[in-house]
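A short write-up of the structure that comes next.
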Amino acid sequence: MAEFINYTEPKSEKHVNDGRHDDSKERNEGIHVNTKIHDFNIGDTIPYEYSLDVKADIMGGEKVNVGDKVVIKKPYGKFEAYDNPADKKLIIPTKEGTLSEKLNLKVSMDGVNLVENTDYKVEKADDGFKLNFITREVEYTDVDGNKSQVPAVSETVAKTVKADGSSKIKVNYDYELTKDALPEEMIENELKFIYNNHPSNSEEFDKVQLDKDNVITYGKKFKKTTRKAGGFLADADVKIAGAKFHLYKMVDGKKQYLTEKDNKRVFKEGEKAPEDALVLESDKDGLFEIKGLKTGEYFIEEFYAPVGYRLNNTPLKFSVGDGTYGGEKATVDHFENTRDGQLPLTGDRVLMFYALAGGVVLAGTFHSVKNKTKHSQLL
């Protein structure tokens with residue numbers, strides 16, 4: 001018995017659509033894996049794109065030899081793509097609307113927009129979604145004019161998708177990077193493309209291609225330290241808890257503060273931190289950290305100093321990137337404060353200090369004058 005050969009093989013290709021995808025990647029054991037680095041902030045919308053070849057025989061009709069018999073090839077029995085993000089770290093954006101609206105889904109072929117529920121169907125699948133381009137049924141007739149026995153009716157593509165020659169379907173959509181993403185962890189998103197152009201259209205002849213692309217996010221660790229009065233000697237063994245900080249970056253000479261609301265993070269422009277600015281706080285060991293930043297330079301500024309310490313008004317500049325959180329390049333940046341004793345001399349406490357100091361001086365002067373007068377009387 002002759003074995004059917006897939007003489008036309010459609011190809012799939014997927015990448016993060018941020019201008020940094022790898023056009024030179026090669027297929028390895030049926031899998032494309034992008035080698036470019038796509039770094040993002042937690043809460044960012046991640047734009048993806050994949051393409052699927054549409055071969056001229058997708059509607060069948062071409063004569064092929066199977067054993068000693070000539071048959072007309074049937075239309076494709078399967079032409080669908082599953083896109084599944086990993087481990088709740090990439091999710092379908094949480095906003096109002098249909099599945100397509102949430103995904104910001106756009107499907108086109110050779111520059112022509114395809115129509116949902118006519119040219120393709122979309123549905124939720126696991127944590128991602130599935131596109132199915134088999135949208136209607138046609139009757140199949142073999143080379144002798146007889147209706148096909150297996151199966152008698154076969155689903156196939158809409159007229160718009162039918163190609164006179166090789167064409168390409170392009171699919172654009174968005175995911176969202178969540179707070180579950182860990183610094184310096186490659187987060188995969190896999191496309192599973194399944195097609196079947198075997199004469200029987202049996203599931204055992206399904207062909208599968210896998211394509212992956214990765215995103216990553218970074219972070220940085222800090223330690224709250226102090227200096228003794230005068231600021232000359234480090235007091236590194238002191239653990240300072242409860243210091244609070246905001247984070248910002250500079251864009252075109254202006255501050256953009258990192259904010260967080262309803263588990264979503266956004267950078268907002270402003271000279272002062274907005275009410276929803278993200279708060280970082282040192283723990284009992286004086287440690288705090290930031291996760292979920294893309295490569296770049298940032299600043300932390302202290303807005304609350306624990307009792308007994310002066311507020312450090314000098315922002316700390318730092319960088320994040322590969323290895324800055326947990327790799328060989330990782331260091332703990334120190335944010336220092338001057339210790340003034342039990343209470344910081346700020347606000348009303350400054351006035352109180354000078355009032356008390358003034359009282360002591362006046363009392364000392366009065367005592368000195370009194371003693372001098374008494375001494376003169378004795379003379």
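The figures here come from the full heavy-atom set of this structure, side chains too, leaving out hydrogens, waters and symmetry mates. Keep in mind it's a predicted model, so treat the numbers as computed, not measured.
Ring pair F288/F335: centre-to-centre distance not below 6.0 Å.
Y304 carries K244 over the face of its six-membered ring, with the cationic atom under 6.0 Å from the centre and within 45° of the normal. A cation-pi arrangement, defined by a distance under 6.0 Å to the six-membered ring centre and an angle within 45 degrees of its axis, is present between K221 and Y325. Stacking of K249 on the aromatic ring of F267 is recorded, both the 6.0 Å distance cut-off and the 45° axial limit being met.
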Exercise for the section: Test salt bridge (charged side-chain N to carboxylate O under 4.0 Å, His left out) on K192 and D83 and set out the steps. Expected result: CA-CA 6 Å; K192 184 178 183 180; D83 193 274; over 6 Å; no
Practice task
Might you work through the salt bridge (charged side-chain N to carboxylate O under 4.0 Å, His left out) test for K130 and E80, ending with a clear yes or no?
Solution key: CA-CA 7 Å; K130 167 188 169 183; E80 58 194 28; 3.6 Å; yes
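Here the options are D18, I216, T217, the test is side-chain contact (heavy atoms from CB on, under 4.5 Å), and the partner is F40; only D18 passes. Residue D276 is tested with T259, V266, D262 for a side-chain contact (heavy atoms from CB on, under 4.5 Å); the sole match is T259.
Around the NZ atom of K264, the shell of radius 6.0 Å holds more than 12 heavy atoms that belong to other residues, nucleotides or ligands.
Using cut-offs of 30° and 60° on the angle between ring planes, the pair H246 and Y257 is perpendicular.
A salt bridge links D333 to K220: at least one charged side-chain nitrogen sits closer than 4.0 Å to a carboxylate oxygen. Between K291 and E185 no salt bridge is recorded (no basic side-chain N to carboxylate O distance below 4.0 Å).
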